**Q** 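Starting off with a structure, shown below.
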Amino acid sequence: MRLSTWLRQHLAALRALLALTAITGIVYPSAVFAVAQLPGLHEKADGSLADVGGTIVGSSLIGQSFTDSGGAALVQYFQSRPSAAGDGYDPMSTAASNLGPEDIVDTPARASLLTTVCARSKEVGDRESVDGSRPFCTKNGVGAVLSVLGPRDPDGDVAHPTQVVSVNEACPARPFVAAYRGVRVDCAEPGQDYSAGRVVPIRGDAPADPAVPADAVTASGSGLDPNISPEYAAIQASRVARARGVSEDQVRALVDEHTSGRTLGFLGEPRVDVLQVNLELDRRYPYRG
């Protein structure tokens, strides 16, 4: 008895489903797992985990914080770059802040990207004893931004302001500049809306090439970057050497050992593996603080 066309088609589909399930769901994953267990691949396949005395302390692929329970940087360790992934370096929340260079005015809900960068630069500068100043940042570590209110000319400029407010400095703060175009600069009254004014960022006298590098104040696109630039490592070396009671040259030599050049000679930038440097510091020069 011949099977109907409908039944034959469904039996064929069922056989194909079973065959593909076996191949893609069992055979292929098993083969990949078996290959991953080969010498030289096993560590990478398991997440490139770092093991110290039988304890997993991190992964060479994912950054982490080197801070105390209160979030303060531990002086004996090199610090990683900031992270916007969850509470920091969360692989389940990998993300960037998605804020751009025009995000310069603080709101009650959050600090602007500019103020965040300014605050980080001041913090790093104070911690590493270098100049933490940055263009468009106040000396107190907030965005140097004015709202200039008054009639505008055809080009949108306010030639004769009626009021000028430092929008990122809430009262009773003392504004970072005393006057703008002959008008006194006021602090921002909480709850007031100054969006009607022309927003003017003030560059200030900070050097064009700040001592605190960009990766020390900005998060990576993934929020998981485990590396920092050699420039950021260089300004941290003195602090780490003092904390561990060794010479700065010894610390710099160790950093050089864990510095990688551009991939294939032209992709990316030179980078320092923070976790490996810190683990090697603990092994060679234990902290006795």
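All values derive from a computational prediction rather than experimental measurement.
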**Q** How long is the straight-line distance from CD of Gln250 back to CZ of Arg244, given to the nearest 0.5 Å?
**A** 12.0 Å
**Q** Using the disulfide (SG to SG under 2.5 Å) rule, collect all pairs that involve residues 51-142, keeping only residues at least two apart or in two chains.
**A** Cys118-Cys137
**Q** In the structure I gave you, are the side-chain heavy atoms of Val167 and Val199 within less than 4.5 Å of one another anywhere?
**A** no
**Q** Are side-chain N/O atoms of Arg242 and Ser238 paired as donor and acceptor at under 3.5 Å?
**A** yes
**Q** Kindly compute the distance separating CD (Glu257) from CZ (Arg252), expressed to the nearest 0.5 Å.
**A** 14.5 Å
**Q** Working note: Ser133 + Asp131, criterion side chain to side chain donor-acceptor pair (under 3.5 Å); need CA distance, chi angles, decisive distance, verdict.
**A** CA-CA 6 Å; Ser133 64; Asp131 182 7; 2.8 Å; yes
**Q** Looking at Asp87, I want to see if its CG is surrounded by more than 12 non-hydrogen atoms of other residues, nucleotides or ligands under 6.0 Å.
**A** no
**Q** When rounded to the nearest 0.5 angstrom, what is the spacing between OG in Ser147 and CZ in Arg198?
**A**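 It comes to 11.0 Å.
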**Q** Do the side chains of Val185 and Val165 join up, straight or via other hydrophobic residues, at under 4.5 Å, putting them in one cluster?
**A**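 No, separate clusters.
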**Q** Between Ser222, Pro226, Ser220, which is the residue that forms a side-chain contact (heavy atoms from CB on, under 4.5 Å) with Leu224?
**A**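 That would be Ser222; it is the only one of Ser222, Pro226, Ser220 passing the side-chain contact (heavy atoms from CB on, under 4.5 Å) with Leu224.
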**Q** Under 3.5 Å, is there a donor-acceptor pair between the side chain of Ser65 and the main chain of Thr67?
**A** no
**Q** Give me the atom names and distance for the closest heavy-atom approach of Ala206 to Pro135.
**A**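 Scanning both residues completely, I find the closest heavy atoms to be CB-N, 3.5 Å.
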**Q** Which heavy atom of Arg174 sits nearest a heavy atom of Glu169, and at what distance?
**A** O-OE2, 3.8 Å
**Q** Are Asn227 and Val274 packed together at the side-chain level, in the sense that at least one heavy-atom pair is separated by less than 4.5 angstrom?
**A** no
**Q** If you apply the rule side chain to side chain donor-acceptor pair (under 3.5 Å), what do you find for Asp103 with Ser112, and how did you get there?
**A** CA-CA 6 Å; Asp103 188 62; Ser112 64; 4.9 Å; no
**Q** Taking side chain as C-beta onward, heavy atoms only, is Phe78 less than 4.5 Å from Val255?
**A** yes
**Q** Other residues, nucleotides and ligands only: do more than 12 of their heavy atoms fall within 6.0 Å of CZ on Arg184?
**A**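 No, not enclosed.
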**Q** Minimum heavy-atom separation for Val212 and Ala216, please, with both atom names.
**A**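 Nearest pair, atom of Val212 first, then Ala216: CG1-CB, 3.7 Å.
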**Q** Does the pair Phe66 and Leu275 meet the rule for a side chain to side chain contact (heavy atoms under 4.5 Å, CB included), with working shown?
**A** CA-CA 9 Å; Phe66 294 91; Leu275 176 61; 4.1 Å; yes
**Q** May I ask you to test the Val272-Glu231 pair for a side-chain heavy-atom distance under 4.5 Å?
**A** no
**Q** Please list, chain by chain and in numerical order, all residues satisfying side-chain hydrogen bond (donor to acceptor under 3.5 Å, both in side chains) with Asp90, sequence neighbours excluded.
**A**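 side-chain hydrogen bond (donor to acceptor under 3.5 Å, both in side chains) list for Asp90, sorted by chain: Ser93.
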**Q** Side-chain contact test, heavy atoms from C-beta onward, threshold under 4.5 Å: evaluate it for Ile202 versus Tyr180 and give yes or no.
**A**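 Yes. Closest side-chain heavy atoms under 4.5 Å.
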**Q** Check the side chains of Asp193 and Ser195 for a donor-acceptor pair under 3.5 angstrom, ignoring hydrogens and angles.
**A** yes
